[in-house]
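For reference, the structure discussed in these notes is given below.
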Amino acid sequence: MIEFKNVNKWFGKLHVLNNIDLKIPKGEVLVICGPSGSGKSTLIRCINRLEKIQKGEIIVNKTPVHDKHTNLTKLRAQIGFVFQQFHLYPHMTVLQNVMLAPVNVKKIDKSDAEKIALKKLEKVGLTEKSHAYPAQLSGGQQQRVAIARGLAMSPEIMLFDEPTSALDPEMIGEVLDVMVNLVSEGMTMCVVTHEMGFAKKVADRVLFMDDGKIVEMGTPDAFFDNPKTDRAAEFISKILTH
Amino acid sequence: MLVDFNFRIIFEYLPLFLTGLKSTFLISVVSIILALITGIIACACRISGIKTIKYPAIAYIEIIRSTPLLVQIYFLYFGLPTLGLRVPEIQTGILALMLNSGAYIAEIIRAGINSVDEGQLEAGTSSGLNYFQRMRFIILPQALGVTIPPLLGQNIVLVKDSALLSLISVMELTRCGQTMTSERFMPSEAFFTVAFFYMCIYFCLKAVADWSQRKLIFREAY
């Protein structure tokens, strides 16, 4: 469903993605981890072309993402994206946040879009907050709205860029619960996260990146219990001791 | 000092001041509207990625901001006729105020647009909204709120700057004060009245701005 073919990207002189080859089949849950600056966020931001690449090719659902002639609107409508900092629109209510793209991108009738939005909000457990403004919600609730906003476009793929890193510890659970639910529905997901519990529970594969390269990839059990490379072993020991 | 203050002469000259007030008011309203249009267009060009419109906009904004308004007024007043354009003083004055204020307004709007968090635009982009939809639904509603107070400030500056048009003999409020002074030599009375009328315009503008801010600004509810 998502395929990276020899992808390279530079920020100035910094080689952020170095010969990435990766295939993510439909329905897979891929967890990406690695030290900060290793290129993991950049990797998933390339999938919906929030970032451009200089070399190689990314193919999503047979569509070459970085081709000039690609219909980006159509491509992005299939991919939901959840940010670390939520990025809700502060001047709109929760419901308006979720409805904005379906109404304006998919041109869905307003009343239908509202039904869809309410259904997605129910899925993340926030129906009663639909008329609140983002600033009235806790971080965890805001992130769940952001997930509902992504789901409202009925995407086939959901990308998560450190969805729980900006949250207070007691709110991480509610967001992960929503994500685990999505996994059980068969959503294809790429999740940049250091939540090892989540990775062990639902990931099909864990990908470890360092210095713009894929250092190691394997099942969660194999990766966490028997890392093959020293770099991965060192990383795991560091995140598990805290 | 107040003992010498001659209110009777103010009433005697009231018809003159009222024509001056009307003139200043009209000049200001027309200039503000034109300056807003100029500012929006200049700002759109300024933030555009197309170099052929971006750089002329930067040049315009920087030239205006780096030179005094009075010099710009004289430049147009003496310069346009040499280009063969014979424009009445009042139009020359409006043109100068429009060009001057437009440059500042362009920068005010740009600051408002830049104040919107980049991440929200990325969120809009990822859900498939195009450039104009992101402007329309995400940036402008938020930029408008933070833009109104400085825009009000700029419009007040424009009204007061219109006093400079007295120097190219436009018969506006300040010019009326000068006229009365030269006829009766009572500058205190003349400019007290002039100042009073500028204050009236200021409070009218402020009321409009407060009203529009209540209407337009989004409520970030806490």
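Throughout, a chain's letter reflects where its sequence line sits, starting with A, and its residues are numbered from 1. All values reported here derive from a predicted model rather than from experimental measurement.
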(message) In the structure I gave you, are the side-chain heavy atoms of B:Q120 and A:P90 within less than 4.5 Å of one another anywhere?
(response) yes
(message) For A:Y89, which atoms come within 4.5 Å of any heavy atom of chain B: side chain, backbone, both, or neither?
(response) both
(request) Identify which part of B:Q133 has an atom lying under 4.5 Å from any heavy atom of chain A, answering side chain, backbone, both or neither. (result) side chain
(message) Can you confirm whether more than 12 heavy atoms, excluding those of B:F196, are under 6.0 Å from its CZ atom?
(response) no
(request) Count the heavy atoms of every other residue, nucleotide or ligand shown that sit under 6.0 Å from CD of B:E89, and state whether that count exceeds 12. (result) yes
(message) Please determine whether the number of non-hydrogen atoms from other residues, nucleotides or ligands lying under 6.0 Å from atom CZ of B:F75 exceeds 12.
(response) no
(message) Would you say that more than 12 heavy atoms from the other residues, nucleotides or ligands in this model lie under 6.0 Å from the CZ of B:F25, or not?
(response) no
(request) Pull out the residues in residues 137-156 of chain A that come under 4.5 Å of chain B, heavy atom to heavy atom, sorted by number. (result) A:R149, A:M153
(request) Go through B:N130, B:L129, B:L121 and name the one with the most non-hydrogen pairs under 4.5 angstrom from chain A. (result) B:L129
(message) If you count every heavy atom of other residues, nucleotides or ligands that lies below 6.0 Å from A:E128 atom CD, does the total exceed 12?
(response) yes
(message) Within the structure provided, determine whether A:L50 and B:S126 are in side-chain contact (heavy-atom separation under 4.5 Å).
(response) yes
(message) Need one label for A:N48: side chain, backbone, both or neither, based on atoms under 4.5 Å from any heavy atom in chain B.
(response) side chain
(request) Report, as yes or no, whether the 6.0 Å neighbourhood of atom NZ on A:K62 holds more than 12 heavy atoms from other residues, nucleotides or ligands. (result) no
(message) Is it the case that atom NZ in B:K160 sees more than 12 heavy atoms from other parts of the structure closer than 6.0 Å?
(response) no
(request) Side chain from CB out, backbone as N, CA, C, O: work out which of these in A:L75 comes under 4.5 Å of a heavy atom of chain B, or both, or neither. (result) neither
(request) Measure from the side-chain N and O atoms of A:H91 to the backbone N and O of B:F137, and report whether any donor-acceptor pair falls under 3.5 Å. (result) yes
(message) Atom CD1 of residue position B:I50 - does it have more than 12 heavy atoms of other residues, nucleotides or ligands inside 6.0 Å?
(response) no
